[in-house]
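Everything below concerns the one structure shown next.
For this chain, numbers begin at 1 and follow the sequence in order. Just follow the structure's listing: the first ligand is 1, and inside any ligand the first atom is 1. Side-chain atoms are counted along with the backbone in the values below, which use heavy atoms only and exclude waters and symmetry mates.
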Amino acid sequence: MDLGLQGRWALVCAASKGLGRGCAQSLVAEGVNVVITARGAADLQATAEALRRLNPDVDVRAVVGDITTPEGRAAALAACPQVDILINNAGGPPPGDFRDWQREHWLAALDANMLTPIELIKATVDAMAARGFGRVVNITSAAVKAPIDILGLSNGARSGLTGFVAGLARQPGLAGRNVTINNLLPGAFDTERLQKNIAVGAAKSGMDVAQAAAKRSAAIPAQRFGTAEEFGAICAMLCSAQASYLTGQNILLDGGAYPGAF
Ligand code: NAD
């Protein structure tokens, strides 16, 4: 199916690796010009090169910077001639015990996983509405639907974003102007972050890393971790011209791990 995205411009945040990169890849394959961001220049440039090889007909721009800072966001927005598609993403907060977290830990989590996406939405959606097309996809987490105790910072900050988006997406000035805002909730996806988390867990329990990974994936009905490519493909579908009646939703991608009927 042609997703009707050829020639659009997307800002894909935190996209040198993992899920953000998967989203950029799918959009580029659909003929979307992209601005990708990350903090580390070398990995970001390598990803930009790979995207240009994937589709030489699109413009791929790489902006080095921390998307959780005003400067990082301003640089990313300045590089994008117009933002038709906004993919909000950033690193997740560290695990831990809430008894150890101080105000600054909470503020960092809120900045990265709630306030940064809100700032970028604020900077882009009214122009999308004026043009009659816009797609915002926020990469959140399965932990919004089924909170994980050690990920309290993530549970809290991402739930704040989820509540905000639920109200915003339903504004007639956006939904009625073909601007959709949805959240994609990853379960366990095979990225650097997941591998690091498994290694930390394995070290704590005295298990070897391969054993810990096998145990974790065996608990998922799909019997495997997701891939960044399949995450990106769903993201591109949410951004498609055909998905204009799909807004304000939380879409769980977890290989069946969430046990509820709804
Ligand atoms: P990853 O570590 O593999 O990749 C993260 C990417 O974000 C990298 O390109 C990194 O350079 C970039 N990045 C991180 N912080 C940034 C910042 N402040 N500014 C700009 N770029 C930044 O991580 P991932 O697995 O792709 O995860 C992406 C998001 O999805 C994270 O918020 C993570 O918590 C969440 N998540 C991931 C999983 C999973 O299983 N992988 C599950 C649930 C939630």
* Asked: When you look for heavy atoms under 4.0 Å from ligand 1, do you find them on the side chain of Leu44, its backbone, both, or neither?
  -> neither
* Structure fact -> atom 1 (P) of ligand 1 has as its nearest protein heavy atom Arg193 CB, 4.0 Å
* Structure fact -> Numbered in order shown, the ligand 1 atoms found under 4.0 Å of a heavy atom of Gly92 are 31 (C), 32 (O), 34 (O)
* Asked: Should Gly40 be listed as contacting ligand 1, given a heavy-atom distance under 4.0 Å as the test?
  -> no
* Looking only at protein heavy atoms, identify the closest one to atom 41 (N) of ligand 1 and say how far it is in Å. => Thr191 OG1, 3.1 Å
* Taking only heavy atoms of Leu19, which atoms of ligand 1 are found under 4.0 Å from at least one of them? -> 26 (O), 30 (O), 37 (C)
* Asked: Can you name the one residue among Asn89, Asn183, Asn250 that meets side-chain hydrogen bond (donor to acceptor under 3.5 Å, both in side chains) with Asn138?
  -> Asn183
* **Nearest-neighbour protein heavy atom for atom 19 (N) of ligand 1, which is reported as residue plus atom name and distance** => Ile67 N, 3.0 Å
* To do: Give yes or no for whether the N/O distance cutoff of 3.5 Å, strictly under, is met between Phe189 and ligand 1.
  => yes
* Enumerate the atoms of ligand 1 whose separation from the nearest heavy atom of Ile139 is less than 4.0 angstrom. => 30 (O)
* Asked: Does a donor on one side chain and an acceptor on the other come within less than 3.5 Å for Ser141 and Arg158?
  -> no
* To do: Tell me, yes or no, whether the heavy-atom count around Glu49 atom CD, taken from other residues, nucleotides or ligands under 6.0 Å, exceeds 12.
  => yes
* Asked: Do Leu19 and Thr191 come within less than 4.5 Å of each other through their side chains, counting heavy atoms only?
  -> yes
* Begin from the C-alpha positions of Asn113 and Ser154 and carry the test side-chain contact (heavy atoms from CB on, under 4.5 Å) through to its verdict. => CA-CA 7 Å; Asn113 301 113; Ser154 172; 5.9 Å; no
* Structure fact -> d(Cys13 SG, Ile67 CD1) to nearest 0.5 Å is 4.0 Å
* Structure fact -> for atom 20 (C) of ligand 1, nearest protein heavy atom and its distance come out as Gly65 O, 3.5 Å
* Asked: At a 4.0 Å cut-off, with the gap strictly under it, does some heavy atom of Thr69 reach an atom of ligand 1?
  -> no
* Could you list which atoms of ligand 1 come closer than 4.0 Å to a heavy atom of Ala90? => 29 (C), 31 (C), 32 (O)
* Asked: Roughly how far apart are Leu86 CG and Cys239 SG, rounded to 0.5 Å?
  -> 9.5 Å
* Enumerate the atoms of ligand 1 whose separation from the nearest heavy atom of Glu192 is less than 4.0 angstrom. => 3 (O)
* For atom 13 (N) of ligand 1, closest protein heavy-atom neighbour -> Ala14 CB, 3.6 Å
* Structure fact -> One finds that the ligand 1 atoms under 4.0 Å from a non-hydrogen atom of Gly18 are 3 (O), 26 (O)
* State the atoms of ligand 1, each with its element, that fall below the 4.0 Å cut-off from a heavy-atom position in Ala188. => 40 (O)
* Does the salt bridge (charged side-chain N to carboxylate O under 4.0 Å, His left out) test come out yes or no for Glu30 and Arg135, once each step is laid out? -> CA-CA 15 Å; Glu30 289 298 319; Arg135 300 285 183 264; over 6 Å; no
* Asked: Step by step, would you call Val83 with Met128 a side-chain contact (heavy atoms from CB on, under 4.5 Å)?
  -> CA-CA 7 Å; Val83 183; Met128 290 176 182; 4.1 Å; yes
* **Per-atom contacts, ligand 1 versus Asp66 - under 4.0 Å to a heavy atom** => 17 (C), 18 (N), 19 (N)
* Asked: So, do Leu5 and Ile85 sit near enough that their side-chain heavy atoms are less than 4.5 Å apart?
  -> yes
* Pair Arg73 + Glu119, salt bridge at N-O below 4.0 Å -> no
* Starting from atom 29 (C) of ligand 1, which protein heavy atom do you reach first, and at what distance in Å? -> Asn89 OD1, 3.2 Å
* To do: Going by heavy-atom distance to atom 8 (C) of ligand 1, choose the closest among Ser16, Pro94, Ser154.
  => Ser16
* Determine, using heavy atoms of Gly187 and all atoms of ligand 1, whether some pair is separated by less than 4.0 Å. => yes
* Please confirm whether Arg158 comes under 4.0 Å of ligand 1, counting heavy atoms of the residue only. => yes
